[in-house]
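A short write-up of the structure that comes next.
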Amino acid sequence: MEEIVKTAPNRRQRRPSQGMFWLLALLWLPMAIAATAVVRGFGLPLEPQAWLSLVVIAPCGLPLAFAWSSIHGLGYPRTAGSVCGIFAIATAVLSLVAGLLGPIGIAAYAIVLSLPAWVLYAILRLRLRKEFAA
């Protein structure tokens, strides 16, 4: 009789290099906030102090970037892009409101808004484990 060997589903996709990932992970939130100013009709700030204030909030985009990387690493690149894209837009828009509370408020909003992506990651990971175990 033939023996059936179960293997994990082959869902691995090519991911960006680590250097490119870190660059994009740190820059997406400050650039999205700057883009919201352009969309609202204010234009880009000309003063260097305005750009320096965006540097402080650069690490606030990391939770969502890591969620994207984790979901993408499971083999769901479209799901990762869709879900994290939606929450990235929400994070950028709500960061303007949270900016009234300072960088701590922006960080809190960014962490809370990345939680649904992490819940999705946990669900997908459990699903893959069940597929592998079955």
Side-chain angles (χ1 to χ4, degrees):
M1 297 201 122
E2 291 182 29
E3 183 178 325
I4 299 175
V5 178
K6 293 183 180 179
T7 59
N10 188 8
R11 294 181 162 273
R12 299 285 178 198
Q13 301 289 326
R14 185 168 179 253
R15 294 161 73 170
S17 67
Q18 277 192 334
M20 183 60 76
F21 170 76
W22 279 99
L23 179 68
L24 294 174
L26 288 171
L27 287 180
W28 78 263
L29 185 57
M31 291 300 112
I33 290 173
T36 57
V38 172
V39 169
R40 291 174 45 205
F42 293 116
L44 293 175
L46 299 176
E47 303 85 23
Q49 297 87 357
W51 290 104
L52 288 176
S53 67
L54 291 176
V55 171
V56 176
I57 63 163
C60 297
L62 290 176
L64 192 59
F66 287 140
W68 173 86
S69 178
S70 299
I71 295 170
H72 193 279
L74 289 178
Y76 295 95
R78 283 190 229 141
T79 303
S82 301
V83 169
C84 292
I86 291 168
F87 289 114
I89 293 169
T91 302
V93 171
L94 292 175
S95 290
L96 297 173
V97 175
L100 299 173
L101 303 172
I104 294 173
I106 294 173
Y109 270 66
I111 290 169
V112 168
L113 287 170
S114 70
L115 289 178
W118 284 107
V119 169
L120 176 65
Y121 167 72
I123 291 169
L124 292 174
R125 189 165 180 189
L126 286 173
R127 182 176 152 192
L128 284 177
R129 278 191 184 169
K130 286 182 181 179
E131 283 179 16
F132 182 66

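Considering CG of Leu96 and CD1 of Ile106, their distance stands at 8.0 Å, rounded to 0.5 Å. A distance of 12.5 Å separates CG of Leu113 from CD1 of Ile89, quoted to the nearest 0.5 Å.
The two atoms that bring Leu29 and Gly61 nearest to each other are CD2-N, 3.9 Å, heavy atoms only. When every heavy atom of Leu128 is checked against every heavy atom of Leu74, the shortest pair comes out as CD1-O, 3.7 Å. The two residues Ala110 and Cys60 have their closest heavy-atom pair at CB-O, 3.1 Å. Between Ala65 and Ala25, the shortest heavy-atom distance links the atoms CB-CB, 3.5 Å. Considering every non-hydrogen atom in both Cys84 and Ala67, the closest pair reads SG-C, 4.3 Å.
Leu24 and Val55 fall into different hydrophobic clusters, where Ile, Leu, Val, Met, Phe, Trp and Tyr are joined by side-chain heavy atoms under 4.5 Å apart, directly or via other members. Trp28 and Val38 fall within the same hydrophobic cluster, defined by Ile, Leu, Val, Met, Phe, Trp and Tyr side-chain heavy atoms under 4.5 Å apart, directly or through other members.
In terms of the ring-ring contact (aromatic ring centres under 6.0 Å, His included) criterion, Tyr109 has no residue partners (sequence neighbours excluded). Under the side chain to side chain contact (heavy atoms under 4.5 Å, CB included) criterion, Arg78 pairs with no residue at all, not counting sequence neighbours. Applying the ring-ring contact (aromatic ring centres under 6.0 Å, His included) criterion to Trp118, with sequence neighbours excluded, gives Tyr121.
Using a 4.5 Å heavy-atom threshold, the side chains of Phe21 and His72 count as separate. Put simply, the side chain of Leu120 does not reach to within 4.5 Å of the side chain of Tyr76, judged on heavy atoms. Considering only heavy atoms from C-beta on, Ile57 stays 4.5 Å or farther from Ser95 through its side chain. For the pair Ile71 and Leu124, the minimum side-chain heavy-atom distance is below 4.5 Å.
With hydrogens and angles ignored, the 3.5 Å screen pairs a side-chain donor or acceptor of Thr36 with a backbone N or O of Ile33. A donor-acceptor contact shorter than 3.5 Å links the side chain of Thr91 to the backbone of Phe87.
Atom CD1 of Ile104 is surrounded by 12 or fewer heavy atoms from other residues, nucleotides or ligands within 6.0 Å.
Ring-plane geometry between Phe66 and Trp22 is classed as perpendicular, the angle between the planes exceeding 60 degrees on a 0 to 90 degree scale with a lower cut at 30.
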When you look at Leu26 and Leu62, which way does the side chain to side chain contact (heavy atoms under 4.5 Å, CB included) test go after all the steps? CA-CA 6 Å; Leu26 288 171; Leu62 290 176; 3.9 Å; yes
